[in-house]
Number of protein chains: 2
Amino acid sequence: MPKKTSSPKRRSGCPLNASVEILGDRWSLLIIRDMMLRGFRSYKEFLESYERIATNILADRLRKLVAHGIITTERDPSDGRKLIYSLTTKGIDLAPVLTEMVLWAAGHEDTGNQTLVRLMQKDKEKFLAAVRQRWAEKSIRSTAN
Amino acid sequence: MPKKTSSPKRRSGCPLNASVEILGDRWSLLIIRDMMLRGFRSYKEFLESYERIATNILADRLRKLVAHGIITTERDPSDGRKLIYSLTTKGIDLAPVLTEMVLWAAGHEDTGNQTLVRLMQKDKEKFLAAVRQRWAEKSIRSTAN
DNA sequence: ATTTTCACTTGCATTTCACAAGTAAGATGG
DNA sequence: CCATCTTACTTGTGAAATGCAAGTGAAAAT
């Protein structure tokens, strides 16, 4: 059973508004992309991603994503300094959103990464299944919450 | 032929990054929702939408959406004060993005507008076809640019 | 024991945002 | 045809979010 008792003062009950309030900024979806498509799982990896997010913004976004139940954190058992971030099912369920945003930009803007785009265009459903599968293999824990 | 010669300083060539730079704020997608789903076409209608956007932000977002080729403006021939905003094909092509964001929030957050959600869930493709059809009827001009 | 790595926090300047008020051009009513 | 209203904005101001540089504390590596 998904659903969540609505957080305080939301501007409206529209589902699109909910999505926009949670994900509508210049960084959150890029962090999710890095986890979903590139397998990034630590603060350091996110920091070193191409778009160069600032440290305070990254910490803030990770905190908010955890608060919204999109990702979870755990200590790395083999290195007590490291935190491992994982997507929850709620996070993995953003795959179709990311896919459509990629396909839209690829069709209307001048962008790179054409191999990824071609894969998505060729068979969207197959691509989504692969993402879900890959994540299920990597971490049993991440789908639990 | 779509595509556009890349705008100045983009953070990266990733298509998702392009989408996020264009649409990643708390208002742009709500304006597009109002046009696509509710048929809003004037400044005043957007202003009176439930989430209560501020006048300066609305003007700024409309300007940016025009600059990105997602909407166009024309004078209302029957009232010289009014401007009519229309979605371009690039704008209509955002329908799948909106749909996936609505379905994600509907599945994981406590939201309203269940009739719309149910319609989308029942047959996504049929819903998208209906949106495209409805827009094509309303305005031939909007699909031209 | 010292240095390095990791995941942050703090401070500060800049940008964006929200809210209230004002404006100019065109429409409407008497 | 003149005052009033409507529409689509702009301007001003304070608050909040962002970006950058530097610093911190705990754990790991040397």
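In the text below, chain A, chain B and the rest are named by the order of the sequence lines, each starting its count at 1.
Rounded to an integer number of Å, the gap from CG of A:Leu47 to P of C:dA7 is 9 Å. In this structure, A:Arg11 places its CZ atom 11 Å from P of C:dC19, rounding to the nearest Å. If you take CD1 of A:Ile57 and P of D:dA16, they are 16 Å apart, rounded to a whole angstrom. As a whole-Å value, the separation of B:Lys82 NZ from C:dG26 C1' is 12 Å. What separates CG of A:Asn56 from P of C:dT14 is a distance of 16 Å, to the nearest Å. As a whole-Å value, the separation of A:Ile84 CD1 from C:dA7 P is 10 Å. Residue B:Arg52 contributes atom CZ, which lies 12 Å from atom P of C:dA20 at whole-angstrom precision. Whole-Å rounding puts the A:Phe40 CZ to C:dC6 P distance at 14 Å.
Taking the ring centre of A:Trp27 as origin, the terminal cationic atom of A:Arg33 falls outside the region bounded by 6.0 Å and 45° from the ring axis.
Dashed line: the shortest gap from a side-chain N or O of A:Arg61 to OP1 or OP2 of D:dA17 is not under 4.0 Å. The shortest distance between the side-chain N/O atoms of A:Trp27 and the OP1/OP2 oxygens of D:dT18 is not below 4.0 Å. Residue B:Arg41 places none of its side-chain N or O atoms closer than 4.0 Å to OP1 or OP2 of D:dT7. For B:Tyr85, no side-chain nitrogen or oxygen approaches OP1 or OP2 of D:dT7 to under 4.0 Å.
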I need a per-nucleotide contact map over nucleotides 25-30 of chain D, read 5' to 3'. Cutoff is protein heavy atoms under 4.0 Å; write B for the base, S for backbone only, - otherwise.
-BBS--
What do the steps show when you test B:Glu51 against B:Arg26 for salt bridge (Lys or Arg N to Asp or Glu O under 4.0 Å), and what is the final call?
CA-CA 10 Å; B:Glu51 290 91 356; B:Arg26 323 181 105 31; over 6 Å; no
Check against side chain to side chain contact (heavy atoms under 4.5 Å, CB included), A:Lys124 and A:Leu103:
CA-CA 10 Å; A:Lys124 217 188 283 185; A:Leu103 290 176; 3.8 Å; yes
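Across all strands, A:Arg63 comes closer than 4.0 Å only to sugar-phosphate atoms, never to a base (heavy-atom distances).
Within the 3.5 Å criterion, the main-chain N or O of B:Ile84 finds no donor-acceptor partner in the side chain of B:Arg41. Side-chain N or O atoms of A:Trp135 include none that pairs as donor or acceptor with a backbone N or O of A:Met35 at under 3.5 Å.
In this structure, the nucleotide among C:dC8, D:dT10, C:dA7 sitting nearest to the side chain of A:Ala59 is C:dC8. When the nucleotides D:dA8, C:dT9, D:dT10 are ranked by their closest atom to the side chain of B:Lys44, D:dA8 comes out on top.
For the pair A:Leu83 and B:Asp25, both in contact range of DNA chain C, the more 5′-proximal nearest nucleotide belongs to A:Leu83. With the nearest nucleotide of DNA chain D identified for both A:Ile53 and B:Glu45, B:Glu45 has the one nearer the 5' end. Sequence order on DNA chain D of the closest nucleotides to B:Asp60 and B:Glu48 puts B:Glu48 first from the 5' end. Taking for each of B:Lys64 and B:Thr55 the nucleotide of DNA chain C with the nearest heavy atom, the 5'-most of the two is the partner of B:Lys64.
Residues A:Pro15 and B:Ala105 share a closest heavy-atom pair of O-CB, 3.1 Å.
Using a 4.5 Å heavy-atom threshold, the side chains of A:Glu21 and A:Arg10 count as touching. With contacts defined as side-chain heavy-atom distances shorter than 4.5 Å, the pair B:Tyr85/B:Phe40 does not qualify.
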